[in-house]
Visitor: 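Have a look at this one before I ask anything.
Just so it is clear: chains get the letters A, B, ... in the order the sequence lines come, proteins before strands, and each one is counted from 1.
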Amino acid sequence: MGRYNPKVAEPRWRQRWDEAESFVVRDTADSAAAPRPKYYVLEMFPYPSGRIHIGHVRNYTMGDVVARFKRAQGFDVLHPMGWDAFGMPAENAAMEKGVHPKGWTYDNIAAMRTPLKQLGLSIDWTREFATCDPDYYGQEQKIFLDLYRRGLAYRREGVVNWDPVDMTVLANEQVIDGRGWRSGALVEKRKLTQWFLRITAYADDLIDSLQTLDRWPEKVRLMQENWIGRSQGLKFHFTTTSGAPAGFDAIEVYTTRPDTLFGASFVGVAADHPLAVALAAQNPDIAEFVAKCRQGGASEVEIEVGEKLGMPTGVSVRHPFQPEIELPVWIANFILMDYGTGAIFGCPAHDQRDLDFARKYDLPVRPVVLPPGAEASRFAVADEAYVGPGKLYNSQFLDGLGIEEAKRAAIARIEAQGQGQGATVYRLRDWGVSRQRYWGCPIPMIHCPSCGVVPVPDSDLPVLLPDDVQFDRPGNPLLRHPTWRHVACPTCGSPAERETDTFDTFVDSSWYFARFASPHSKDPVDRASADKWLPVDQYIGGVEHAVLHLLYARFFTRALKEQGWVGVKEPFAGLFTQGMVTHETYRAPSDGRWLSPAELEARPGGGFVVVETGEAVEACGVEKMSKSKKNVVAPEDIFEQYGVDATRLFVMSDSPPERDVQWSTAGVEGAWRLIQRIWAEFDAQPDGPFRAPDLSADGLGLRRATHRLAAQVTEAVSAFRFNLAVARMHEMMAALRAHPAEGASPSHLAARHEALSYLARLIAPFTPHLAEECWARLGEQGMVVDAPWPEADPSLTEDDEAVLAVQVNGKRRGEIRAARGLADAQIEAVALADADVQRHLEGLVVRKVIVVKDRIVNIVAVPKSPD
RNA sequence: GCCGCCUUAGCUCAGUGGUAGAGCGCAUCCUUGGUAAGGCUGAGGUCGACAGUUCAAUCCUGUCAGGCGGCACCA
């Protein structure tokens, strides 16, 4: 008799798993012979910041529960781990602390590997790699050259988002509310020559295939769909009639509402539009306005205010359907150069922005869509544009048509006139991947003065990062390196220069899941291994990657497939996005500074006091754990105090996994107690052997509880409802307590043995160390990790007698017991005979009786009529 | 502004068209050779508000309120 001591038990079992190589995947050798189906579980790999946090613990425990569960169910499971190791923080550390990014990164990896291994994850560590390993990024360069040869990578000058703090370019996706996603600095617009990946080539497939991803959260699919932002419309040109500079005979616009063309009252162009630029060169007023728009666009303030600003250009264009009508061309601040054609026609009656603009500059508002039930002579648009359904009017050949018909008719007419055609436009833009940084994968290109851009030959790969670099000032150290960039042109041999930009780190994470299939292959991916393991069956990570990483990875997988490296186009068949770990925050009432939980002491009767000062403190809200709010807990400390299993168990309980879970000391203590209670039941069990469980005797109730538990845990884990599984384990403890070992009959003991044997295997995905200890205590063969998942006996999961509630007019009035599946008429009779029910039926006439099998009886009764 | 999610016990949250649940907290009691602990029992609920569908609504539908998240001059 004794308490379960995780400090002793946990390291012992980890060592046993290591020695047995329990989690090493036997890859190609048995892939043909083994009949086991494969299952690839992957959690989003971590950035090696140097410490793990509770969020990691939750993420990796979820994956581990799935991996161990599938393993026990007989799947050949791949569950690898790696490091997303390139990126800015390493360079920041280099600048701040004078350490080399490489050393800093690998030290951090080592520091994080220890607690991750301590978690007892069923990971095949032989497949571990970091994206900053030359072996990995060399393969990435190979992939990039494939993309380049296939025209999916190209270089062009473009207006880019420049982060002045990180001194680098950011992708559109990395700009959030006008600020850099990492630095938080206001992003500026700059013109630079950049490498781009042609993700837009797959826009349609990326959007259309979303519906095949039926094991992805609806929310994420919706976010991707919105991000790609496909719209159908019409691209056409207006011919200019007067005032246009040379070369501007026409202005091309894009619209999704060609039906409203007869309501057009102006044409607008973006401040960056070539026409605006050309006019600015001649006209100082226009130049000033254009400059103001550019600033405004960056400042974001104008957008918040929503004020529409415009400047007439003096240019006029002809209406395509009404040659007698000319429309003025304006430059307007609400038109974006990088969407559509950077020019629009304004129909104020049916577009709120155009209406705001028209009211401000006193332009005509001409309604052309009549809402259902409205009268043409009286309908007018005031301050709100009409965007609803209706019939066209004031529109010549479109009159009387519905909106969709009118769109088709207008497009057909424009096409017939040769002035344009129907078009699909996307919000998604090509992915700019150049970063002016050192700690990233070098882009394997060479700039030759005579040959131009030349790819590094395959035989010269990988292009390695030089180690001898200085971080004494901001900017890219590769540019300043004395020798690294100077190289002979592979084509002509004359002096040339290497590309000094490196890849966006999202490139690194766009294919790592494929590399795990064959982490040591000489090629990026070994096709046979990829065919065996891909796609990832269950991917698990934070919802913050719903757009960026997941979209890039889907794009990369398509590109890899076309190159023949892999056979699938969707990388992740199943996706689960887990919630965050939160914690209460506390701040001192006196000076408002944040206090860490360690500085506080619980006060009897609720609330906390500061240990040092005795000052009373109230909790001020539950928030995501962050250093700034001091509401963090270090996983290592929790492991030390409660053990790894209690930590794992707690992060899996309480909250459904897709939701946030609130960390609390009480919660871990609850998990700790459950572990102790489980162990106590195993500890109390006398040594066997026991004869086969006897159905006739007092063990039946326990056997039912056991098999119900097996069924429930299996279902809960399959459905990612880990918290439910834990709740059922709590309930199981009540059943075990009701059937104590002490003084038990042999059949009773046998039923207990079965219960414990099942329980050890059912808890194994959650608390694997405890499970092994329990398994061994029971005297079972081998380790739990190699034991098959327990099957529930269907004949034991259901009681043969059901308890039915009896309602009278929808209110519960009594309870009856009846054999399962008993005929409705018989149940009705029993229910009506029940004393409680009889009492409630006094003075009533039964109108109808509804019997729901094995669940409930509802008696509908009305008062007796007086006669 | 648009889209999505949430609102159930003091707290954190499960759950179901048919008998309202768990953990923690709280109270009472037991144990004091599992003891920086263990256990029994109990109190505590208009299931956010209103309306509808139904024999029956916490659950389905609609409207509203409050909270959270994503997107946002995307033509």
Side-chain angles (χ1 to χ4, degrees), chain A residues 1-4 176-177 217-220 222-223 225-227 229-231 233-234 253-258 260 268 270 297 302-308 332-336 338-347 350-354 356-357 425-429 543-544 546-547 579 582 584 602 605-606 619 622 650 653-656 658-671 673-674 676-677 679-680 683-684 721 723-724 726-728 730-731 734 737 803-815 847-852 854-861:
Chain A
M1 182 157 290
R3 293 171 68 73
Y4 173 67
I176 296 154
D177 290 336
E218 183 58 39
K219 177 183 167 167
V220 173
L222 200 67
M223 284 167 76
E225 195 178 328
N226 291 339
W227 188 267
R230 180 164 58 190
S231 81
L234 169 67
V253 301
Y254 173 72
T255 180
T256 55
R257 293 296 303 271
T260 64
E302 308 261 342
I303 291 174
E304 288 297 323
V305 175
E307 193 187 0
K308 308 282 183 287
N333 69 337
F334 65 93
I335 299 167
L336 306 173
D338 48 8
Y339 185 79
T341 62
I344 61 153
F345 75 80
C347 176
H350 304 293
D351 182 288
Q352 191 60 45
R353 295 156 303 180
D354 296 346
D356 294 345
F357 191 76
V425 161
Y426 306 88
R427 207 187 79 116
L428 180 72
R429 270 155 258 158
V543 73
E544 65 273 20
V547 175
T582 62
E584 281 188 315
V622 173
F650 174 65
S653 41
D654 271 37
S655 221
E658 70 277 13
R659 299 263 290 269
D660 293 352
V661 65
Q662 188 180 332
W663 180 268
S664 71
T665 308
V668 211
E669 281 170 356
R673 271 198 284 274
L674 176 58
Q676 292 300 342
R677 276 177 211 155
W679 172 250
D683 201 38
R721 294 158 86 160
N723 58 319
L724 265 186
V726 177
R728 299 296 172 239
H730 275 283
E731 287 173 17
R737 273 201 297 271
V803 179
L804 291 88
V806 183
Q807 296 180 331
V808 176
N809 289 332
K811 296 252 190 309
R812 180 173 176 268
R813 298 302 188 193
E815 200 176 90
R847 268 290 182 75
K848 193 175 175 188
V849 179
I850 297 128
V851 177
V852 181
D854 303 336
R855 304 196 74 169
I856 204 161
V857 181
N858 191 16
I859 300 167
V860 184

Visitor: Given B:G15, B:C73, B:C71, which nucleotide is nearest the side-chain atoms of A:R427?
Guide: B:C71
Visitor: Please compare A:S231 and A:L222 by the position of their nearest nucleotide in RNA chain B and report the one closer to 5'.
Guide: A:L222
Visitor: In dot-bracket form, how is RNA chain B paired, counting a Watson-Crick or G-U wobble pair only if both its distances are under 3.5 Å and using | for bases paired to another strand?
Guide: (((((((..((((....[..)))).((.((.......)).)).....(((((..]....))))))))))))....
Visitor: For A:R429 and B:C74, is the shortest distance between a side-chain N/O and OP1 or OP2 below 4.0 Å?
Guide: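 No.
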Visitor: Take atom P in B:G34 and the same atom in B:C60, then report the distance between them in whole Å.
Guide: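 Result for the P pair: 50 Å, nearest Å.
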Visitor: More 5' along RNA chain B: A:K219 or A:L724, using each one's nearest nucleotide?
Guide: A:L724
Visitor: Round to a whole Å and report the spacing from CZ of A:R677 to P of B:G23.
Guide: 8 Å
Visitor: Write down the distance between CZ (A:F650) and P (B:C24), rounded to a whole number of angstrom.
Guide: 12 Å
Visitor: Enter the distance from A:D338:CG to A:I335:CD1 here, rounded to the nearest 0.5 Å.
Guide: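 So the gap between those two atoms works out to 12.5 Å.
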Visitor: What nucleotide, of B:A72, B:C73, B:C74, holds the atom closest to the side chain of A:K308?
Guide: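 That would be B:C73.
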Visitor: Okay, side chain of A:D354, backbone of A:C347: is any donor-acceptor separation there less than 3.5 Å?
Guide: yes
Visitor: Could you work out which one of B:A75, B:G25, B:A14 sits closest to the side chain of A:N723?
Guide: B:A14
Visitor: Side chain of A:M223: nearest nucleotide among B:G70, B:G34, B:G25?
Guide: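 Out of B:G70, B:G34, B:G25, the nucleotide with an atom closest to A:M223's side chain is B:G70.
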Visitor: In terms of ring plane angle, is the pair A:Y254 and A:Y339 parallel, tilted or perpendicular, where the classes change at 30° and 60°?
Guide: perpendicular
Visitor: Look at the side chain of A:Y339 and decide which nucleotide, out of B:C74, B:C24, B:G15, has an atom nearest to it.
Guide: B:C74
Visitor: Counting only side-chain heavy atoms from C-beta out, which of B:A75, B:G23, B:C73 sits nearest to A:N333?
Guide: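 Nearest listed nucleotide: B:C73.
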Visitor: Quantified in whole Å, what is the P atom distance between nucleotide B:C13 and nucleotide B:U8?
Guide: 9 Å
Visitor: So, does A:R353 use its side chain to make a donor-acceptor pair with the main chain of A:D351 at under 3.5 Å?
Guide: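 Pair absent, no side-chain N/O of A:R353 close to backbone of A:D351.
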Visitor: Taking A:R230 for the side chain and A:Y426 for the main chain, is one N or O donor matched with an acceptor at less than 3.5 Å?
Guide: no
Visitor: Closest approach to the side chain of A:T256, judged atom by atom: which nucleotide of B:G38, B:A14, B:A75 is it?
Guide: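 Of the options given, the side chain of A:T256 lies nearest B:A75.
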Visitor: Could you tell me the separation between the CD1 atom of A:I859 and the P atom of B:C55, rounded to a whole number of Å?
Guide: 16 Å
Visitor: Checking contacts here: which listed nucleotide (B:U16, B:A75, B:C71) is nearest the side-chain heavy atoms of A:I335?
Guide: B:A75
Visitor: Of the non-hydrogen atoms in A:S653 and A:V726, which two are nearest, and what is the gap between them?
Guide: CB-CG1, 3.6 Å
Visitor: Syn or anti for B:G34, taking syn as within 90° of 0?
Guide: syn
